[in-house]
Structure formats: C-alpha cells, structure tokens
Amino acid sequence: MPFALLKYGLSADYPVEVDLPPPCDLKPRYDVVIIGGGGHGVAIAYYLAKYHGITNVAVLEKAYLGGGNTARNTAVIRSNYLTSEGVRFYAESVRMFQNLSNEFDFNIMYSERGQLTLAHTDATVRAFRQRAEVNRHFGGRTEMIDRQQIRELVPSLNLDPGHLPVLAGLWHIDGATARHDAVAWGYAKQAAKRGVEIHHLTEVQDLLIRNGRIEAVKTNRGTVQCGCVVQAVAGASSLLMAKAGIRAPIHTYPLQAMVTQPFKPFLDPLVSSSALHCYVQQTSRGEIVFGGGSDPYPLYNTRSTLDLKESLLAHAIEMFPFMANAKLMRQWAGITDMTPDYSPIMGLSPVHNYYLDAGWGTWGFKATPICGKTMAELVASGGKVPELIAPFALERFSRFQQVNEMGATAASH
Amino acid sequence: MKILTCPLNGPRNISEFTYGGEFRHMPDPANCSDAEWADYVFNSDNLAGVVTEWWLHNASSYWFLAERHTVSDQVLRTFDPKELFDRRVDFTPAATPEIAG
Amino acid sequence: MNSHTRLPAPMGLLIDRERPLHFQFDGQACQGFAGDSIASALLGSGRWLLSRSFKYHRPRGPLSMAGQDANTLVQLPDEPNVLADLEAARDGLVVEGQNFNGSLAHDRDAYLGKFSRFMPVGFYYRSFYKPKGMWKVWEPLIRKKAGLGVLDLGFRPQYYDKAYLFVDLAVIGAGPAGLRAALDAANAGAKVLLIEQQPVLGGSLTYARFDIAGTRATGLRQELLAAVEGHPNIQVLLEATCNGWFTDNYLPVIQHKRLYKVRASRCLVAAGAFDQPVVFRNNDLPGVMLTSAAQRLMKLYAVKPGQRAVILTGHDDGYLAALDLQEQGVAVAAVVDMRAAPADAAMAAELKRRDIPVHLGSTVYEALHEAGMRHVSGVDIRPITGQGKVGPHGLRLACDLLCMSAGYMPVYQLLCQAGGKLAYDVNRDEFAISNLPAGLDIAGSVNGRHALGNVLADATRGAADALAALGLEAPVQPVFSAEAKVNFPWPIFPHPKGKDFVDFDEDLQVRDIVNATRSGYRDVQLVKRFSTVGMGPSQGRHSALPTARLVAHATGRSISETGVTTARPPFQAEKLAHVAGRAFDPYRQTPMHRRHLEAGAKMMPAGLWQRPAYYGKPEERERCMQEEARHVREKVGLIDVSTLGGLDVRGPDAAELLERLYTFGFAKLAIGRTRYALMTNEHGVVIDDGVCARLGEQHFYVTATTSGVDRIYQQMLKWNAQWRLDVDVTNVTAALAAVNLAGPLSRQVLAKVCDDVDLSAEAFRYLGVRQGNVAGIAARILRVGFVGELGYEVHVPARHAERLWDALMQAGAGLGIRPFGVETQRLLRLEKGHVIISQDTDGMTHPAEIDMQWAMGRKKPFFVGKRSIEILEAQPLKRKLVGFTLPKGSPQPLEGHLVLDGADISGNVTSCEYSQTLGQIIGLAYAGAHQAKPGMHIPIRVEGGKIVQAQVVKLPFYDPENIRQEV
C-alpha cells in the first residue's frame, strides 16, 4: 500500500516536497567543482557527500539538470558486454541500479525486463556466445537461447525478417530499463540535501590552470576557485578538454531515437537486432521506443533526420510487422562522444587535480551509479585511481591498449 | 535530407556520400616520436566549428574535401583534394647519419 | 427536435446528404453521411461521450474537431489511437472507445478521479518502492493501467509507398494565406505545391466568420478557389499533412497510403494558429469545446452543436461565433468576454441588437454538470478581479454547449523543428516565430496576422520574398493595417477544488504545474519531464502556452525566457507503415547461384551475399561437411568463391601503392607469381587479407575478403588522393566470377578444359599465376593453398560463370568431382591453421598475435600500420592465437567459449571443429602469451561450465610440411 501518498490526500494544503533547492549564488571557492549536471555529475556529487563526507561541492550545469543525454536517453541498463574490464564494470553498475530507488529514496521505476539481442549470422552467434560466457563469469545472468525459446519469450516477434532469419539470441536476464530523468533527480535531491550546490544556467567559459594544476573555473556567473575539478559533460567533452589543453580520441556524433504513442502492454523484454541495426522496447507508460546506430557523420546538433527514421522503422516493422499500424509520436537525438574502442575515458588527465569522466558514447546511462561511486573515490582519495576504472584511463591510447567493445555496443545501447 | 554539393557531380542527397574522417596531416612516421604518432592515430580536434573533412561520393568513388560547420551543419565549400595535394608524396626511410671522411 | 437532424444547407460543406451511412460505436448503431468524420457523425447522432481521460478516466468529448487534441482517440478493429475527428466515417465501420474498465458510459476506473488528491504531480516518484522489492509488485499493475489503445498483434501491413516531388515553392496550408501566396507565386511562373490537411481548400474560410454580415469568408473562398483549381503551376495535395521539416526544405508529406518526399527550393508555412482553451474548473466536460470547433461542426458537418450556448472569449471572434450559432438556431445565453470591452464597438452593438447578453471582464469559473459528468449543463460566471482571480459571487446560467477561446498559438512545430525561435510579445500576449533558416518563411496567422486583410497581405509578402529568391518577378510589397490583439494575457482561473485542466491528454491541473516548480523543477523542460505536461498525443498544442505562463509566473522569469518545450517531428502522429514504405531488402547472388540450388545447397548469408554453406539438408549438416571435406582431401572438390573481392591495380606506381597499403613487399614480386597480402589499419590492427598476383610489370590483381573489398577499394582511392601516385585501381569483384578447384585430382580435371597453359608441376608451381583459356573462357588461374591441397582458383568474366562451372563439373565427373560449401571450406582451412579475418581476428588483433610477422616487409619505408605495429611489438605480448587439439569424444568447445588463466579470462575460442581426417577436435583460440607454447595445456570452459584441458600444438594440424598443396 503506498502509504506515502496518504499525506497528500488527507491534508488541505498538502506539503510540497522540495526535490531540488532554489537557485543560489556561487561561493568564491569549493573543494570540488563538477562541471556537468547530468546523471553522472550529480551521481558523483551524491557519493562524495554521502560516502566520503565531502559536501563543499558545486555542480555547474550550463542548462538544466539532466538536460543533456540523460534527458534524451532510451535507458537500456545491461552488462552483457565483451571484455573482462567492461563486463566487470557494468555488472557492478547493474547491481547498484537494482537497489537505487531505495538507496536515494526516489522511485526510478527500475524495471527488470531482460534484454534479448538477436543473432542473424554465424559470426554474431559466435560473438554472443563469448559475451554470454564473459557475463556469467562476472556474476551476470546471460545465456544463449534458440529460436523456440525466443518464440516463447517474444511471441510477437517475426523470426524470419527479409533474408536474414534469426539463428539464436543472447538473453540477458539482468537487462532492465528505468525512468532516466528520475535517476538524475534522485541523486541530485539527496546530494543537495547534504549541502551540495547544484547551479543551473551556469556555463563554464574557461579553466584557469597554473603550473599544470587546475586552480579556478570561470563561469558566466563569476569565477570560483577549486580544490579539484571533475568534467562530466557528455556531448561537449572535447570542447571542455580543449580549454585545459587536453587532447582526446573523441568524435562526437548525434544518436537518434523515436517513440510511439502509448499502448496497452504487449512487450516485456528489450529486443535488439544487430543485423537490422534496431532495438525496440516498451516503456512503463506503454510507448514503444526505437533506437538504432549513430548518425553517419559528426555533428554537435540534435536535429532529427528523415532517412534514419525511414530505415530504422522499416527494420522495426520487419521485426514486428504488426507495428505498421502504430503511430510515431516523436523523434529526438542526443549528442554522443564516441571513442575508438567504444569504452569510456575515466580518471586522471595531464592536468593535476583535473579528472575526466568522458567518452561515454552510447554506454553512459547504464554506468551512472558505478561512475558516481568510482569517480567519487578517485576525487576523495586525491587522485588514486580505483582498480575498476584503471583500464579506462585516457593514456591507454598512447600505449595502444584499447578496451574494445565495438561488437557489444552497435544498435544495442 | 541535407544536400551536399559534390565538386564532380553537383548537388546530391547526403545519403549518396560516405563521411571519410577529419582531414589530418600525417607526421613523418619514420621520424616522429611515439607520442606524436599515437596522437595522430587516436586523437582528434573534434571541434565545434568549421572543420575540413573527407567525403566520398559512393556511386562515382570520388573523394573530395569539405569545409563544414559542425554545429550548424552548414557546408561552406567542397573542393578537389588536389587543391591541398598537388604533388606526389614519397616516404623516406628513417634518416641514417652521414659518415664523415 | 430530433437531434439527428442536420442543419440545412449551406451548412455541411463536407457532407453528402444523398449518401447516408451506418456504423457502430461502443456497440451502438450510429448514422452519418459520406464526408462526416467519425466524431461529427457521432455528435450528429447525439453521442458526445467519445473517450475517457488518461489518468482520472473522466468523460471526454471533442475539443478541437480538427485532430489537434486527444479527446477523440478511438479504437478501430485493426488500429488503436485513431483521431475520430479526422478519420472518415465509413459504412459498416466498427468503432470502440479506449481506456476504460467496463464501458465508456460506466467506467469502473472513474473512481480514480476522486482520489486525485492522493495522486499529486509526480506522485509515482515518491511511492511504490518501499519496502525494498515493492516496486516489482506494483509495476505490472501500473503498466496495465498505462497506454491507451490496444495494438492488434496479428495485423499485417498493407501496401504503402513513397514518391518524390521537386518544386520551386511548397506552401503548407491552404487557408486564405496559403491560397493567396500559392496564386501569387504561380502567377509569376513558380512551380507551386499546395499542401492541405482537410478534404477541401479554404482553411479558416471554411468555418470561421470574419464579418458581421457573415458573407466575406464564403465569397473570398470562392474567388480564390476558382483561380487555384486548374492553375497549371499549382499542384494541390488534399488530405495531405506535411509532417516535418528536414534540412534544405526536405518535407515529408503524408497523403492516404503514400509518403511524398518533397524537395522545395523555397517553403512557405501558412499553417495557421491553434485556437486556445481557457483554463477553469471542468473545462474538459463533453460539450465544452473550442469556439472554432463549434463552428466547424456547423459549417463543415451541418451538426447543431447544442440547444443553448455560452461563449467564453478573449477576442472579437467569439462575438462573430455567437452570430453563427444564433443563425443556426442555437440559443446564445451569453457571451462572456474576459476583456473589459470588445475591440470593435460594432460587435457589441450587433449582439445587443440580437438580444445576446454580454458579460464583460468576466470568465467562466466552473463548468457545471449533472451526476455522471456526461455533459456540460451550465456555467458559473464570475467577474475577473485580478490575474487569475475572480469575485466571490457569480451568475449561473444553464447551457449544453460552452465554447471557449482565449486566443491563438501559432502552429509553430515545423518552424521550431527548423530552428525557429519562439519569443513572447508582451504587448500582444502572443508567441512570435523568428530565426528561420534561409528558404523557409511563414505567412498569415502563424505569423501573428489575424485580420483577414493583413493575412492576405502577408501572403503576398511571403510569395514576393520567395519569388525574389527564385529569380522571378515579384508582386509589389503589400501594405498592412493595424489590428487588434487577439490573445487574452491570463486566461487561467485556478479553482480550489481543481480539475482546471492545463493538459487534457495527461489530466494535469494548474496545481500540478505550479507544484512541479515548487518542488524545484523550475525549467520548463523539467516541468515537462516531471509532470509529463505536453508529452501526450497532442504534444503541447493546447498546453504549451498556459504552461509557459504558469511556469514563468512561478519562477519569476519572463515568458520568453521560459519558453516552450522543444518541437520535434513528426508534426502529427504518423503510422510506421508510412515511414517504412515498401520493404526493400536487397542481397547479392553469385552468377552461379542457380547451380547451387540445383545441387541442393543450403544457402547462408555472407555479408550482403548468399553462399552455399554445404550441399544437403540442415539436419544432415555434419555428415555433409565431413563427406565434402574428405572428398577434397582424397579426390577433387569445387567451391564458388565469386564473392571474394577482386581489385585490378595498374600503372607505373601499381607496385608502390601495394607496398604502402599492405604489410608485405610486392615491388620485387616476379611476374607470374603471387604472394599473401595482409592488410593492417593505421592502428596496426589486421583488417583484411588476400592474395596479390602479378600479371605484368604494371599490373597486379589483388583479392580481398568478401566484406572488406569495398572498404579497401575506397581506402586505396583515399590514400592516393593524397599521394598522387600514377596508378589506377578498379574494383572488379562483380565483374569476375571465381571458383576454387581443390584436391589431388584437380590438375587432371583442369587439364581437360585448359590446353593453352602448361599445368605441369614444374611449369606452374605453387603460388604461381597464369592467364589462359579454361573451357574457352579467358581466365586468370592462381595456384593457392587455402585448404591445404593442390588447388587452382579460376577467375573468369562473370557472364561465363555458369559455363565454367558446368565445364569443370563435367570434366571432373569421371574423377568424382563434388561441390563443397563455405562451412566445409572453414573446416579444411582450419586443418591448415589458416586464420579467417574477423573470425579469428578481432578489433585489436595485431600481426604478432597471430604469428604473421613473416608477412611484414620491415625494410619498406612505409606501410599503413607500420609505425603502430612497431609500438605494439615493443610491448610485451599479452595474448596469442594458438592451435589446440582435444581427443575425439571430448566435450567439444563452441566458438566463443572462454580460455581461462586461473580465475581470469585470458582468451576465447575462435574456430573449433571435429576433423575426421585427423580424428581429433581441432581449433584456434586466443590464450595468454605465457600459456601459448606448444605442449602446454589451456583450460577451456565449455557448455555447462565444465572445464576441458586442450593441448596447444604447432600449426598446421594437417600436412605440416605443406607437401600436398605444393605438389
């Protein structure tokens, strides 16, 4: 029984619960400045405040809380990646997600539906088997299933689209979805309760570095001194790094998605096809969300295109022919920072006390909790890199030591 | 859908083209440092502004360069690579020291 | 009076009274006429309850009668969420309501409305998750309540297609502005496409009233239509919706079952403005509708919207509507004007003359109803005492129709999709659009012009600008006159008992919006996401304006600063069938495809191609493969390798280009010889391999993988655009077909059909290449060793492929020739330990990991990847690809199973088969470099979690001296 709601009905003028505090002025100095008020930025602030007692923190967000890729997310939570480094990392994040609503007392409507990825070629079956094995090795629940089992899981799926029949499936029981905005709000609310300041409409214009060390951050509302800085600005990572003279292997591409009107529930699992470059899921509101591959050329713009929509929906109808009669309500796009190995960039930078949380491409939302936790550890320890994120160091590229997740990302997100 | 003007074929739908990457100068592979080489291989400017980049017209297999603004997506000009590459490029081995005398 | 009787002509522009029709709604028989929408036919039959609202399940009837709201969503047998006020009524149609528990009339979920106090905005974020695990219990129940219609899972798509149109000027909207602009442009010589959503031209001229006499609209419409219809430069699309704006005026226009993709040099949007509701308690009752909706009902469908009407208005159009209603026999109990006075004094005089009471400076504070809330029964009128405030006492009037209009919101969606910005003009209390890209313009009420004279002048201005850009002669720029405001600044009257809806789709009241800001969601984007305002099917058409006003007020910012949420395509919900069109799913077949089918091949996809996997039924796969393999080892087999990439590289710099693209050296390759060609990318990662054959001093023929060749071809051209070498590269993959004739008897078979090439072992050694005639066809013949037997690859022009196949099969008939497929070939090459790119290599594999250092031409000054390889080789090797064996009968690892190193993963199996020839299980796997020495054992975890210890062996498994292929 949702007793929490009684207080709303039984009082004449019910108490409005303040989730996000009203705006305030910038202080002259903070121990930690987090640039970027998306899911990652506020998650880092939360773990700093709650688990490390570090509260003299400011999150600087140039627009509104969670207004970047967090807002535009298709919210697929999974850990069925390919590399040991990746799976270990994402599996921990999935475990944290499972308890997140209770962790920060805000319902993120975490919905464990299972994620089914379809294999249409031998090569894909091979790759899926490896991913299932790696995922299980690190405690995840993933298995290969055959056509009959797929039919039972998703009776409405067409197993013979075009000339590429479905051969098998990668069934990741841990796969889930959640209300992406609520993840940012939940973290922000609790961080703010503990004294973290979240500043909206506050854009960082310059980074003041002296002797290879970050000293202050200049914003449109004034300059603040800082003990250290974390940048968590998906879609603008290179631009901000450039202000610090840091070069990175990031190419920024739009990623489009679209959603139909809501229907009564008929699809539980999140279904994805690599060959058809398409994935489909039905939200808790009943809408069907479609996503596909990245745009074909780099662009810092969230415009939608017709040709991507045409090919994406044509493939969606191959998978679910009856969806021809569903109506599309809206298309949008996020701006993703892609890396050569489809793994993130986390940890130290060449500038002292300037920490990086970047290169999140299409794999950022699912890592929100583990990112918050590990980056907070990094900051709190004064720059000691936690083992879980050591493989994602920026300098891995200078050593040609990539963590290649390309096969496990495309059209799965 | 966006129109891109191919220097050879004229204005065509952008779906007829393939993006070919940022235009970069390759450092001398025989004589640059490991760090310079890794920077060339991996790092990118990734600017929000006017960039020079490679494009391929698929049907005619014609490569050309474009100057495009990566925020507004406006293409300022497209041109044949021979504007920038007007002579044969040769690779010399790593320099060996002259022996005196 | 019989409520089924329609109003007399000239009412009913769209209906044909000679063609009645009958259909069912909610299990009851209904009637209408051809031309009716489902909604107009229902209202014409006296049925006003069309749906139940999303959250509180309140009864709903039409609001806009123009497909702009979600109150009319109904379920057709094969389609949910259909807008009843747009969908044509059809004889025999069976229509159901949506989103109710029980029946539309008696919805058991209506009680939810009483509990609205317990469901404040965002309530679901604050509950349903404690104690831990509770959300798993609640979620399925809540999901069941979500959603509107039901998708028929058995539905199969019908025929939908696409077409292209190219025009000088696309005019969107055929109201007075669109018609005028189209005419002006067409008269000056422009090719014009006029796009109109309704079945007839005219827009507001078909339903609105512009003068007291009531004749202006009809007269103007007739005049414009006479000129437009049949105009040689104007193509008209009726019942067509322009559903988005994409870069460079690329417009998707949906009409019936077709998606037009229109490329317009210039585009003029004359789509009009949305009539805006007033916010007050119970503003959602059936019978409460926009003023324009009532006018549409009368003029388009001849339906009398009620017996007794009250009109709530913020502009003079409400007065004109009163005249329309009274002339059609509706008693007008009052015009309630929120303003202190009408703009045109003549309006007041006319209403007085007709005995229609006017209440100035007043508003409807509450719409009244009887038990059941099925229809509005009266209004509570109060004087306005301040912004959103009313006096304590009012006047109650009975009515069964309440028309409301607070003003207009431009149809901004297409324009904001294009980058247009909305700025709020505080003098006119209207949003205005600016910052449009070049080539896109607006005219008419979408551009803030509402007086008909100004609308027409604006259209001429828009046409003139477009013509000038097109280089055509433009008409003289028109003159505009002053016009009155049409928007009331604050048409929002919150009620302590709520149900004062800002968003009808989502059942959001004034307090919901305000409380969202008080919870800290101050940006309008956050208000949207937290409260879901504007996220329903009508996507903010009626909620954006009041939301902007409320949020601005609550957060102390200007309405311009607050803004509205981002407009995104599609403009109107569009069927996936329209966007997808006809399925077009091409794949490639080799020229010998028919022969494979005739021979009983099991075909498999290989990239975009179809290739034979083996020749037999799926249930006989294992047996077929082993037999085909044995046949190749003992006799002779034939495989179609036409899909392999082929590149002809010619010119003085041909060798130089290959030296730079591939790791190996080719400058010194002798004519008539071939060499293995390995390619790495700039990261030093192995990306392709093939064979390079030197046919002449300046002529090489290079093969590549099936899926890699196109990319390699493009990369060669890209490099050479920079290097300017004197070389020509041609992709001859599709021009040539090829087979691999392999086995100890292959020489004998080939000799029967080839007599101009000396095939003897001494004359044509292993790795040689010859050009000659095979079965009378000009051919390139390469001696290759991929499967480890004596073998010849024969490449011929594709049009002779079947003849070649037939000739070889016939020549080999006496020797037992047998075709073999890709899967068999995989086994054969595995026995020789040959890697398959992208099966045994991945996105990180560099040459040292696969023992390919012998294929590096280190003395070359440059090849793509050289420097990166050197950097990688300077580091300790982490993993290596090794050959392993397991005894027959052991659990067989599958490709993808992991190689372990203690508790860690050190590698994975990339290839694994049972080899009948060797009597063992053989495979290739990555393992830790320290595990990789022949003789060591590597633990592989197989199905069921069992661990087998595989023995690492030297490659190749079969014929280690390579004697058989070099014979």
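Every chain is numbered from 1 and lettered A, B, ... according to where its sequence line falls, protein lines coming before strand lines. Remember, it's a predicted structure, so these values are computed and weren't measured experimentally.
Contact annotation for Q875(C): only side-chain heavy atoms (C-beta onward) come within less than 4.5 Å of a heavy atom of chain A. With a threshold of 4.5 angstrom between heavy atoms, A333(A) approaches chain C through N, CA, C or O but not through any side-chain atom. At a 4.5 Å heavy-atom cutoff, the contact between S111(A) and chain C is made by backbone and side-chain atoms alike. Neither the backbone nor the side chain of P165(A) comes within contact range of chain C; no heavy atom of the residue lies under 4.5 Å from a heavy atom of that chain. For chain C, the nearby parts of P321(A) are the backbone and the side chain; heavy atoms of each come within less than 4.5 Å. Using a 4.5 Å cut-off between heavy atoms, D105(A) contacts chain C through both its backbone and its side chain. Neither the backbone nor the side chain of V259(A) comes within contact range of chain C; no heavy atom of the residue lies under 4.5 Å from a heavy atom of that chain. The contact between M109(A) and chain C is made by backbone and side chain atoms together, counting heavy-atom distances below 4.5 Å. At a 4.5 Å heavy-atom cutoff, the contact between Q610(C) and chain A is made by side-chain atoms alone.
The candidate with the highest count of non-hydrogen atom pairs below 4.5 Å against chain A, out of R826(C), H846(C), M603(C), is R826(C). With respect to chain A, the highest number of heavy-atom pairs below 4.5 Å among M604(C), K261(C), Q572(C) belongs to K261(C). Looking only at heavy-atom pairs under 4.5 Å with chain A, the residue among G945(C), S868(C), G244(C) that has the most is S868(C).
Using a 3.5 Å distance cut-off with no hydrogens or angles, the side chains of R126(A) and S911(C) do not pair a donor with an acceptor. Under 3.5 Å, the side chains of Q130(A) and E895(C) contain no donor-acceptor pair of N or O atoms.
Between atom OG of residue S156(A) and atom CG of residue L153(C) there is a gap of 5.5 Å, rounded to the nearest 0.5 Å.
Ionic pairing of R285(A) and E506(C) is present here: one or more N-O contacts between side-chain nitrogen and carboxylate oxygen are shorter than 4.0 angstrom. For the pair R143(C) and D268(A), the salt-bridge criterion is met [side-chain N within less than 4.0 Å of a carboxylate O]. With salt bridges taken as basic N to acidic carboxylate O contacts below 4.0 Å, none links K132(C) and E103(A).
The backbone N or O of F106(A) sits less than 3.5 Å from a side-chain atom of Y129(C), completing a donor-acceptor pair.
Between Y125(C) and W185(A), a ring centre-to-centre spacing shorter than 6.0 Å is recorded.
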